[in-house]
S.K.: 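Below is one structure. I have some questions about it.
Proteins get letters first, then strands, A, B, ... in listed order; numbering begins at 1 in each. Computation of the quantities below employed the complete heavy-atom set of this structure, encompassing side-chain atoms and omitting hydrogens, waters and symmetry-equivalent molecules.
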2 protein chains.
Amino acid sequence: MKKVKRPPRGTRRRDVPLTEARICAAALRLIDADGVEALTMRKLATALDANPMSLYHHVPNRDALLRGAVRMVGAQFRTVTLEDAPWQERIRLLATDFRTLAHRHPNLMAYSFSQPDFIQPEDPFWAALIATLDVPGVPRSEIRQVAALMCAVVIGVLIAELNGSLHQWSSLDPTAPAAGEDGPPDAGPDEERMFRLVLDTIITGLESRLTADDDGQGADRDGAPEADPWSGEPVFVPRQQSVSSSRWPDPV
Amino acid sequence: MKKVKRPPRGTRRRDVPLTEARICAAALRLIDADGVEALTMRKLATALDANPMSLYHHVPNRDALLRGAVRMVGAQFRTVTLEDAPWQERIRLLATDFRTLAHRHPNLMAYSFSQPDFIQPEDPFWAALIATLDVPGVPRSEIRQVAALMCAVVIGVLIAELNGSLHQWSSLDPTAPAAGEDGPPDAGPDEERMFRLVLDTIITGLESRLTADDDGQGADRDGAPEADPWSGEPVFVPRQQSVSSSRWPDPV
DNA sequence: ACCTGAACACCGTTCAAGT
DNA sequence: ACCTGAACACCGTTCAAGT
């Protein structure tokens with residue numbers, strides 16, 4: 001009579017005890033398979049061959065579970081520093097590493113990109129990015145903002161790539177409406193080329209901004225922020241702050 | 001006895017009939033107030049003073065309701081073309097218009113950014129972006145990919161701004177861990193400055209890429225993609241495709 | 001045609017009770 | 001200490017029945 005509680009299934013998992021790491025790993029598997037929104041405490045429990053309520057003894061709630069999965073994936077990001085390469089190549093390497101990680105767990109990464117706090121100050125990725133931007137002489141007062149913007153840019157491209165927008169927009173011809181499926185059908189091989197194109201454009205823009213500032217490489221670092229052209233007004237932008245507040249009257 | 005079905009509440013809403021536009025507008029109000037995940041068919045119904053099941057006669061399901069709200073916001077994007085301005089300024093105007101719209105409905109926009117299909121070929125925004133990139137001579141064969149990448153970049157920065165990552169990363173000092181709240185407390189006034197910095201960097205990168213190509217302005221448009229430097233390999237990137245497949249052995 | 005109540009199949013989470 | 005069944009307060013959605 002008691003034996004019916006553990007029927008002889010094909011794969012037995014419950015001889016190993018329930019830990020937070022095992023729970024998060026199983027959650028990551030479910031997310032990789034079916035997406036974040038398909039992760040359910042009850043489904044996760046049956047995947048672990050456990051009672052749904054047992055999970056709450058190791059994980060406070062579903063949000064913490066998701067954070068644990070994100071943390072588990074982020075721990076896989078171990079950047080080789082490659083200190084002898086030029087800074088442009090080091091930035092490229094950091095970005096492509098990021099992209100590889102995003103391709104490994106696209107469902108989880110697409111979710112975590114929209115969450116705050118998924119890059120922490122002690123992440124080796126962040127430290128490597130800061131160190132790399134310090135090489136060509138980005139002013140110390142601006143270096144964190146430049147690093148933040150590079151993260152935002154890379155994440156934006158990765159989001160658009162992961163959810164298919166990049167491919168869809170690239171084949172969005174306003175003049176010729178129906179081109180058929182002439183190009184590659186689904187997983188375009190030129191997403192990587194486009195990713196490199198953004199990186200190159202950003203790096204080129206950084207370079208020209210840096211050379212415009214270049215009077216003595218190591219001198220005047222950490223100076224007053226108002227002194228260097230990084231903090232000045234951009235060349236082309238007019239003062240248009242009042243233009244955008246009077247547009248689009250909300251009809252709701 | 002029948003009168004108890006419609007008690008004299010303070011504001012009467014149900015004399016006007018239930019339409020899809022009214023439902024989507026109410027959904028947008030709820031999303032603006034409490035976020036996408038707080039939008040519920042039942043709560044929406046009570047906000048409209050209607051029966052929850054009545055909504056299904058005008059909207060097929062919750063996803064379609066969200067799409068309707070996104071479409072309703074996207075219809076507010078009417079770009080002034082400003083054809084006499086230089087292309088750099090036109091791009092800046094498009095991007096800041098996009099940003100203004102995102103600030104108007106941050107909850108909905110943060111959600112829609114992660115959805116595919118939220119930019120359509122017939123959107124005036126897309127047509128204006130394509131037309132603007134055509135001015136300085138971006139090759140026709142690459143113009144859609146460049147436009148797609150600019151959208152992805154702007155969206156990435158907006159996502160990071162809306163969920164607070166941009167501000168958090170900017171105050172993420174790996175050397176001095178605890179700086180206290182010295183800067184502005186919450187809604188940083190320099191998010192706009194950072195937004196302009198990305199735009200300027202991208203535009204500068206585009207400019208230098210374009211002038212490197214500049215031998216005759218109108219000549220050789222629409223040519224073979226392999227002929228121009230846009231499709232060639234980037235200068236700095238080494239062929240490192242095999243490097244990324246052997247990193248991060250997945251411990252799961 | 002439009003609306004509605006009841007019901008179904010799910011959720012996350014709490015809690016008292018077991019060992 | 002760890003686990004568990006029952007229960008609570010929600011969801012989206014279906015469906016037969018009303019007007």
Side-chain angles (χ1 to χ4, degrees), chain A residues 1-7 9 12-31 33-70 107-108 111 115, chain B residues 1-7 9 12-31 33-70 107-108 111 115:
Chain A
M1 267 301 203
K2 277 280 182 63
K3 244 186 177 170
V4 87
K5 271 188 134 181
R6 185 162 298 183
R9 309 245 182 90
R12 182 68 44 84
R13 291 194 193 86
R14 257 324 277 301
D15 302 345
V16 65
L18 219 51
T19 66
E20 179 180 352
R22 249 172 53 79
I23 290 175
C24 286
L28 181 56
R29 273 193 301 268
L30 286 191
I31 290 169
D34 299 319
V36 170
E37 75 288 346
L39 176 70
T40 281
M41 302 299 279
R42 289 168 151 101
K43 275 194 277 193
L44 177 59
T46 65
L48 284 164
D49 196 9
N51 186 287
M53 297 310 114
S54 303
L55 306 181
Y56 284 93
H57 279 266
H58 305 90
V59 161
N61 52 35
R62 185 175 179 271
D63 274 347
L65 178 66
L66 287 178
R67 276 196 300 271
V70 170
N107 291 333
L108 183 65
Y111 157 81
Q115 299 294 112
Chain B
M1 264 306 200
K2 274 281 183 63
K3 244 184 178 171
V4 89
K5 272 189 131 182
R6 186 163 298 182
R9 311 242 181 90
R12 181 68 44 84
R13 291 193 194 87
R14 256 324 278 301
D15 301 346
V16 66
L18 219 52
T19 66
E20 180 180 350
R22 250 171 54 79
I23 291 174
C24 286
L28 182 55
R29 272 194 300 269
L30 286 191
I31 290 170
D34 298 318
V36 170
E37 74 289 346
L39 175 69
T40 280
M41 301 300 278
R42 289 166 151 101
K43 275 195 275 195
L44 177 60
T46 66
L48 284 163
D49 196 8
N51 185 285
M53 296 310 114
S54 304
L55 307 181
Y56 284 93
H57 278 268
H58 306 88
V59 161
N61 51 36
R62 186 175 180 271
D63 274 347
L65 178 66
L66 288 178
R67 275 196 301 271
V70 170
N107 292 334
L108 183 66
Y111 157 81
Q115 298 296 111

S.K.: Specify the separation, in whole Å, of atom CE of A:M41 and atom P of C:dG12.
M.R.: 7 Å
S.K.: Rounded to whole angstroms, how far apart are CZ on B:R42 and C1' on C:dC8?
M.R.: 11 Å
S.K.: Just the dot-bracket of DNA chain C, please: which string comes out with Watson-Crick or G-U pairs under 3.5 Å, [ ] for crossing, | for another strand?
M.R.: ||.|||||...|||||.||
S.K.: Write down the distance between CE (B:M53) and P (C:dA7), rounded to a whole number of angstrom.
M.R.: 14 Å
S.K.: Check this one for me: any side-chain N or O of A:T40 less than 4.0 Å away from OP1 or OP2 of C:dG12?
M.R.: yes
S.K.: B:L55 CG to C:dT4 P: how many Å, rounded?
M.R.: 10 Å
S.K.: Quick one: the side chain of A:H57 and the base of D:dC2, do they pair up donor-acceptor inside 3.5 Å?
M.R.: no
S.K.: If you assign each of A:P60 and A:A38 to its closest nucleotide in DNA chain C, which residue comes earlier from the 5' end?
M.R.: A:A38
S.K.: In whole Å, I'd like the distance from the CG atom of A:L48 to the C1' atom of D:dC3.
M.R.: 14 Å
S.K.: Looking only at side-chain atoms of A:N51, point me to the closest of D:dT4, C:dG12, C:dT4.
M.R.: D:dT4
S.K.: Can you name the closest pair of heavy atoms from A:L18 and A:A50 and give their distance?
M.R.: CD2-CB, 4.1 Å
S.K.: Within this structure, what is the CG-to-P distance between A:L66 and C:dG12, rounded to whole angstrom?
M.R.: 10 Å
S.K.: Kindly give the heavy-atom pair with the smallest separation between A:L48 and A:R22, and that separation in Å.
M.R.: CD2-NH2, 3.7 Å
S.K.: Can you find a heavy atom in the side chain of A:M41 that is under 4.5 Å from one in the side chain of A:P52?
M.R.: no
S.K.: Given side chains that start at C-beta, do those of B:N107 and B:D34 come closer than 4.5 Å, heavy atoms only?
M.R.: no
S.K.: Taking the nucleotide of DNA chain D with the closest heavy atom to each, which residue, B:R62 or A:H58, is nearer the 5' end?
M.R.: A:H58
S.K.: Check the distance between D:dC2's C1' and A:Y56's OH and give it to me in whole angstrom.
M.R.: 17 Å
S.K.: Taking all atoms of both residues into account, what is the closest heavy-atom pair of B:Y56 and B:N61, and its distance?
M.R.: CE2-CA, 4.1 Å
S.K.: Checking all strands, does A:L39 fall into the base, sugar-phosphate, or nothing category for heavy-atom contacts under 4.0 angstrom?
M.R.: sugar-phosphate
S.K.: Taking side chain as C-beta onward, heavy atoms only, is A:V70 less than 4.5 Å from A:Q115?
M.R.: no
S.K.: Below 4.5 Å, heavy atoms only, C-beta onward: do A:L55 and A:L65 meet side chain to side chain?
M.R.: no
S.K.: Given atom CD1 of A:I23 and atom P of C:dG12, what is their separation to the nearest angstrom?
M.R.: 14 Å
